[in-house]
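Atoms within a ligand are numbered from 1 in the order they appear, just like the ligands themselves. Because the structure is a prediction, the values reported are computed rather than measured.
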Amino acid sequence: MSIEKISWEYKGITLLQNVTKETLDVMPNFQIRDDDIVVASFPKTGTNWLLDIIGKILRAAGKTDSSTDSLIAPGLLEAKLPTATQPGYVTLADMPSPRLVVTHLPIQLAPNGISKPQNKVKILVPMRNPKDTAVSLFHFGKKILELMGMTDDVPWEEFAHNFTNGKVLYGPFEDHVLGWWQMRDDPHFLFLKYEDMKKDLLSAVKTIVAFLEFNLDEPTIKGIAEASTFTNMKADMDNSKLAERQMIARKGIIGDWKNMFTPDQSKAFDAWYEEKLAGTGIMFDFE
Ligand SMILES: Nc1ncnc2c1ncn2[C@@H]1O[C@H](COP(=O)(O)OS(=O)(=O)O)[C@@H](OP(=O)(O)O)[C@H]1O
């Protein structure tokens with residue numbers, strides 16, 4: 001059994017069956033509010049890390065008393081969590097502001113208020129080098145199936161091949177990333193690289209606070225950065241009351257791909273990267 005067996009394709013995008021056509025049909029008209037904070041990402045690029053940091057910032061700025069668990073309880077905008085009775089967008093519609101809106105949809109399937117924003121909404125896009133993203137997604141796929149009482153027996157070699165062929169959840173990776181990257185000059189958007197966050201989390205938190213237009217003093221920002229390292233966040237995630245969140249913190253490093261890729265697989269990925277992403281202005285760090 002592989003994750004693809006419980007997936008379907010919509011306009012060339014591979015989606016889990018918990019994202020339905022009915023949802024995708026209404027998605028363009030989902031009402032985005034001025035004070036929403038949106039995280040739009042390809043899976044496994046640091047979405048939950050960023051959400052956690054934003055939750056801490058909102059609480060420090062006095063904008064909410066809610067825990068991160070509560071803020072992200074609706075789950076993905078487009079999906080119905082295994083533990084939920086309705087898709088995220090239905091729950092979010094009734095939630096008070098400020099809302100954290102999270103989606104893995106490619107830009108062409110996202111609400112118009114995100115893909116063609118007006119007013120004040122802020123959209124953060126985490127990005128991560130595709131080799132580490134692929135490794136993280138490979139392990140995650142196995143956990144999702146396990147959660148559903150199934151076993152994923154797809155070997156890494158086949159998964160790596162599927163990744164560069166676009167046959168993974170929310171793939172093709174390159175189309176997803178390039179779609180959102182078109183918005184890089186739009187002031188509503190902030191692009192954050194996982195590797196930059198790992199290398200200098202304090203600067204990343206400062207950038208996020210400034211982008212969200214909050215005034216937090218230096219010790220508060222420092223405290224948020226310290227509390228958001230992988231080691232300090234792992235316990236929170238592992239103890240989350242949301243089953244899906246408990247599966248997130250795995251290794252949290254740059255370069256785990258070196259433990260999975262053979263030299264030949266790495267060469268094939270490099271050739272794919274060169275063909276699809278070189279010259280686009282997106283510079284991923286693999287080390
Ligand atoms: N604080 C912190 N520091 C560094 N890395 C972190 C942190 N929190 C989460 N992670 C790592 O992010 C990966 C999960 O990404 P996502 O949250 O985007 O996953 S998901 O698509 O929403 O399921 C997943 O990466 P891998 O460890 O490589 O699998 C998590 O471990």
Using a 4.0 Å cut-off to any heavy atom of A249, which atoms of ligand 1 qualify?
31 (O)
Walk me through it: do E78 and T103 pass the test side chain to side chain donor-acceptor pair (under 3.5 Å)?
CA-CA 7 Å; E78 67 274 14; T103 182; 2.9 Å; yes
Any donor-acceptor pair under 3.5 Å from N29 side chain to V26 backbone:
no
Validation row: N129, Y194 side chains within 4.5 angstrom (heavy atoms)
no
Heavy-atom contacts with S228 under 4.0 Å: which atoms of ligand 1 show up? List them by number with element.
1 (N)
Using distance alone, determine whether K198 and ligand 1 share an N or O pair under 3.5 Å.
no
Any D132 heavy atom less than 4.0 Å to ligand 1
no
Which protein heavy atom lies closest to atom 19 (O) of ligand 1, and at what distance to 0.1 Å?
K44 NZ, 3.1 Å
Should L202 and L190 be counted in the same cluster of Ile, Leu, Val, Met, Phe, Trp and Tyr side chains packed under 4.5 Å apart?
yes
Does any N/O atom on G252 come nearer than 3.5 Å to any N/O atom on ligand 1?
yes
Which of the numbered atoms in ligand 1 are under 4.0 angstrom from any heavy atom belonging to P43?
21 (O)
For M233 and ligand 1, does the shortest N/O to N/O distance drop below 3.5 Å?
no
Out of all atoms in ligand 1, which are within 4.0 Å of some heavy atom of T229? Include the element for each.
1 (N)
Is there a heavy atom of H104 sitting under 4.0 angstrom from any atom of ligand 1?
yes
Sorted by chain and number, sequence neighbours left out, side-chain contact (heavy atoms from CB on, under 4.5 Å) with S228 holds for W49, I53, K56, L201, I224, M233
Would you indicate whether the side-chain heavy atoms of V19 and Y10 approach each other to under 4.5 Å?
no
Please name the pair of heavy atoms, one in F173 and one in L277, separated by the smallest distance, quoted to 0.1 Å.
CE2-CD1, 4.1 Å
Between R59 and T68, do the side chains contain a donor N or O and an acceptor N or O under 3.5 Å apart?
yes
How far is atom 18 (O) of ligand 1 from its nearest protein heavy atom, and which residue and atom name does that atom have?
T47 OG1, 2.6 Å
Quick one: look at S136 and ligand 1, take heavy-atom pairs under 4.0 Å, and tell me if it's side chain, backbone, both or neither.
both
If you measure from atom 25 (O) of ligand 1 to every heavy atom of R128, K251, R250, which option wins on shortest distance?
R128
Going by heavy atoms, is S41 under 4.0 Å from ligand 1?
no
Is the shortest side-chain N to carboxylate O distance from E213 to K120 below 4.0 Å?
no
Does the ring of F214 carry K63 above it, NZ/CZ under 6.0 angstrom from centre and within 45° of its axis?
no
Identity and separation of the nearest protein heavy atom to atom 22 (O) of ligand 1
N48 ND2, 2.9 Å
Looking only at non-hydrogen atoms, the one of Y194, F140, W49 nearest atom 3 (N) of ligand 1 is W49
Backbone, side chain, both or neither: what part of I248 comes under 4.0 angstrom of ligand 1, heavy atoms only?
both
Partner of F269 by ring-ring contact (aromatic ring centres under 6.0 Å, His included), out of F261, F284, F286:
F261
